[in-house]
Amino acid sequence: MSAQSTGPFRIAPSILSADFARLGEEVRAIEAAGADLVHFDVMDNHYVPNLTVGPMVCAALRPLVQIPIDVHLMVSPVDRLIVDFAKAGANLITFHPEASDHVDRSLRLIRDQGCRAGLVLNPATPLNWLDHVMDRLDIILLMSVNPGYGGQSLIASTLPKIGQVRSRIEAHRAAGGQPIWLEVDGGIKVDNVSALAVAGADTFVAGSAVFGAPDPQGGYRGVMQAFRGALSQ
Ligand code: DX5
Ligand code: ZN
């Protein structure tokens, strides 16, 4: 976690809302401003109706920043890209379980490549996908919008779901299990981050809230200060 981070909370700016013509500069700027992770949204025009960036862009960004690259795969199938993104320098890799033929195998593959592994659940995806793989998870990512686009509004049913996942994580810890981050992604703004934290999230993806600002570093700092204030209440 960086020196300027929120403490027990992590902010992961999503490059989806960045200026892709100046991606290196923008990612460096948010790291300098104190971002804990950089969130890298991979869309394939198959699992989701949008097309973004692949491992070559991840490899190009890797030497520019020290912070972990958090790759969110919105692709189907997943295994080949897990290997390619690990080689490209990803540190965390998450995927949507319904996009994998063998969820357990895909999770093992991520860790075998030296990365931290996670599942992503869409707003209407049930929690029972977690039932038999808790030991294999370093992170659970709950979507608070339907995936595919930045700049959407948060879906309110995410809030009780965060609490349910937090309870599962705490029960897993109490039984001797490993720590698991609880990340939330989509529609996160200054005015809802506090409620998401109270519900049990510890890692917040923010795309348009950071990169929608004219200057991403200023945008990040503004969001960060507001997040700090909200999270300390
Ligand atoms: C949506 C992506 C999100 C998105 C978040 O499919 O997974 O990471 O970029 O963007 P905002 O913060 O604008 O909702
Ligand atoms: Zn994402």
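Remember, it's 1-based here, ligands and their atoms both numbered in the order they're listed. All values derive from a computational prediction rather than experimental measurement.
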Discussion item. Check this for me: does any side-chain nitrogen of one of R116 and D70 sit under 4.0 Å from a carboxylate oxygen of the other?
Written reply: no
Item to complete: For atom 14 (O) of ligand 1, grab the closest protein heavy atom and report residue, atom and distance to one decimal in Å.
Response: G187 N, 2.8 Å
Discussion item. For N/O/S atoms only: which one belongs to D41 and is nearest the Zn ion (ligand 2)?
Written reply: OD1
Worksheet entry | Residue from R173, R166, R168 passing salt bridge (Lys or Arg N to Asp or Glu O under 4.0 Å) with E170 | R166
Worksheet item: Among protein heavy atoms, which lies nearest atom 5 (C) of ligand 1, and at what distance?
Response: D185 OD1, 3.5 Å
Practice prompt. Would you mind checking which non-hydrogen protein atom is closest to atom 12 (O) of ligand 1, with the distance to 0.1 Å?
Written response: G207 N, 2.8 Å
Worksheet, complete the sentence: CG (L37) and OG (S14) are apart, to the nearest 0.5 Å, by 12.0 Å
Worksheet item: Numbering the atoms of ligand 1 from 1, which are under 4.0 Å from a heavy atom of G186?
Response: 14 (O)
Fill in: Residues E25 and R22 bridged, charged N to O under 4.0 Å
yes
Response to the item:
Within 4.0 Å of some non-hydrogen atom of L16, the atoms of ligand 1 are 4 (C), 9 (O)
Worksheet item: Below 6.0 angstrom between ring centroids: does that apply to H96 and Y47?
Response: yes
Worksheet item: Does a side chain donor of either S208 or K189 reach within less than 3.5 Å of an acceptor in the other side chain?
Response: yes
Fill in: Contacting atoms of ligand 1, where contact means under 4.0 angstrom from a heavy atom of Y149
1 (C), 6 (O)
Worksheet entry | Nearest-neighbour protein heavy atom for atom 13 (O) of ligand 1, which is reported as residue plus atom name and distance | S208 OG, 2.5 Å
Worksheet entry | Per-atom contacts of ligand 1 with V205, taking only distances under 4.0 Å to non-hydrogen atoms | 8 (O)
Worksheet item: Counting each atom of ligand 1 from 1 as listed, which ones have a heavy atom of M143 under 4.0 Å away?
Response: 7 (O)
Worksheet item: For ligand 1, which atoms, with element, lie under 4.0 Å from some heavy atom of H72?
Response: 7 (O)
Worksheet entry | Pair D79, S106: side-chain N/O donor-acceptor within cut-off below 3.5 Å | yes
Worksheet item: Nearest protein heavy-atom contact for atom 6 (O) of ligand 1: which residue, which atom, what distance?
Response: G148 N, 2.8 Å
Worksheet item: Considering only heavy atoms of M43, which atoms of ligand 1 have at least one such atom less than 4.0 Å away?
Response: 6 (O)
Worksheet item: To the nearest 10°, how many degrees is the angle H39 NE2 to the Zn ion (ligand 2) to D185 OD2?
Response: 100°
Practice prompt. Compute whether any side-chain donor of one residue and acceptor of the other, for H102 and D104, lie under 3.5 angstrom apart.
Written response: no
Worksheet item: Among protein heavy atoms, which lies nearest atom 10 (O) of ligand 1, and at what distance?
Response: G150 CA, 3.7 Å
Worksheet item: What part of S14, side chain, backbone, both or neither, has a heavy atom within less than 4.0 angstrom of ligand 1?
Response: side chain
Item to complete: Run through L142, L141, I180 and flag the one making a side-chain contact (heavy atoms from CB on, under 4.5 Å) with V165.
Response: L142
